[in-house]
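Have a look at the structure below before the remarks.
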Number of protein chains: 2
Amino acid sequence: MPRTRDLPLLKPEGDWCCPPLTERRLTAEEAERTAVMFKALGDPVRLRLFSAVASHQGGEACVCDISDVGVSQPTVSHHLKKLREAGLLSSERRGTWVYYRVEPAALAAMGALLTQAAAT
Amino acid sequence: MPRTRDLPLLKPEGDWCCPPLTERRLTAEEAERTAVMFKALGDPVRLRLFSAVASHQGGEACVCDISDVGVSQPTVSHHLKKLREAGLLSSERRGTWVYYRVEPAALAAMGALLTQAAAT
DNA sequence: CACTTGATTCGACGTACGTCAACATAGACA
DNA sequence: TGTCTATGTTGACGTACGTCGAATCAAGTG
């Protein structure tokens, strides 16, 4: 498989959820919604799990591929659930294993929220 | 003051702290360091405070400008301290008031971490 | 100096979170 | 059917977190 980017690059617009942090003050609801995503990445173990999925070849990884994070297996499952509930990961069972992959939209939204704010 | 961008635009490289989430798995230390920043934005009140500072004219705001977030003033101070400790804000006292401004480097680092990961 | 306003620190409270061991569930295979 | 492996769920425990009131500090004003 070529490592070229022949797939539809997603537009860097971030209004999937919220405007850039510099545009205006977030409302209470916007902040509530956005905070869930940031909080999901606000734990070292979840961050490592997320980067393990994101950096795995094919863009997806089964739990068995990424469970070596230094915590027990139930804890891994717990954190993956959190990431899924935050909309950052999606899971799918295929036979024996459960595969996780990153949700590009959420990732792009968070990125736009920050990068467009950095140009102040 | 002109609102043109005549100031040194910071390079969108994000190795200020960590590689993009897709490049490789984060080490425990990298995850620990990065999680602090994400956790800082993982609270609705802090998110609103941060966006209030970021969207304020001149790129800075005194505490009195942004204290209307629905929590007591000590709580506001507590959250601003958290954001400062995470490297996302810097503060400076000028006379009676304390002014907060966003730390562009940290913001850019987080943004790069995510946007460069979204191009998988 | 005392007094007022802005901001941080302190001490306490309740809740949420991360973690684990034990148990439960799902699929593969004999 | 039963057993084995891979994940998810439950219940419990300790710690960290968000919140507040009260006390404290900082700077301006009379």
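Quick caveat, the model's predicted, so the values are computed rather than measured. Reckoned from all heavy atoms, side chains included, excluding hydrogens, waters and symmetry mates.
Remark: C1' of C/dG27 and CD of A/E92 are 15 Å apart, rounded to the nearest angstrom. Between the P atom of C/dG18 and the CZ atom of B/F38 lies a distance of 15 Å, rounded to the nearest Å. B/E85 has its CD atom 12 Å from the P atom of C/dT8, to the nearest Å. In this structure, B/R94 places its CZ atom 16 Å from C1' of D/dG28, rounding to the nearest Å.
Listed pair B/W97 / D/dA27 fails the phosphate criterion, with no side-chain N or O lying under 4.0 Å from OP1 or OP2.
At least one side-chain heavy atom of A/F38 sits under 4.5 Å from a side-chain heavy atom of B/M110. Using a 4.5 Å heavy-atom cutoff, the side chains of B/P44 and B/L47 are not in contact.
Note that NE2 of A/H56 is 4.0 Å distant from CG of A/D65, once rounded to the nearest 0.5 Å. With values rounded to the nearest 0.5 angstrom, B/S77 atom OG is found 10.5 Å from B/L49 atom CG. In this structure, OG1 on A/T27 lies 7.0 Å from CZ on B/R48, to the nearest 0.5 angstrom.
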How would you summarise protein contacts on nucleotides 8-21 of chain D per nucleotide, using B for base, S for sugar-phosphate only and - for none, with heavy-atom distances below 4.0 Å? BB-------SSBBB
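A/V71 and A/V63 fall within a single hydrophobic cluster, where Ile, Leu, Val, Met, Phe, Trp and Tyr side chains are chained together by heavy-atom contacts under 4.5 Å.
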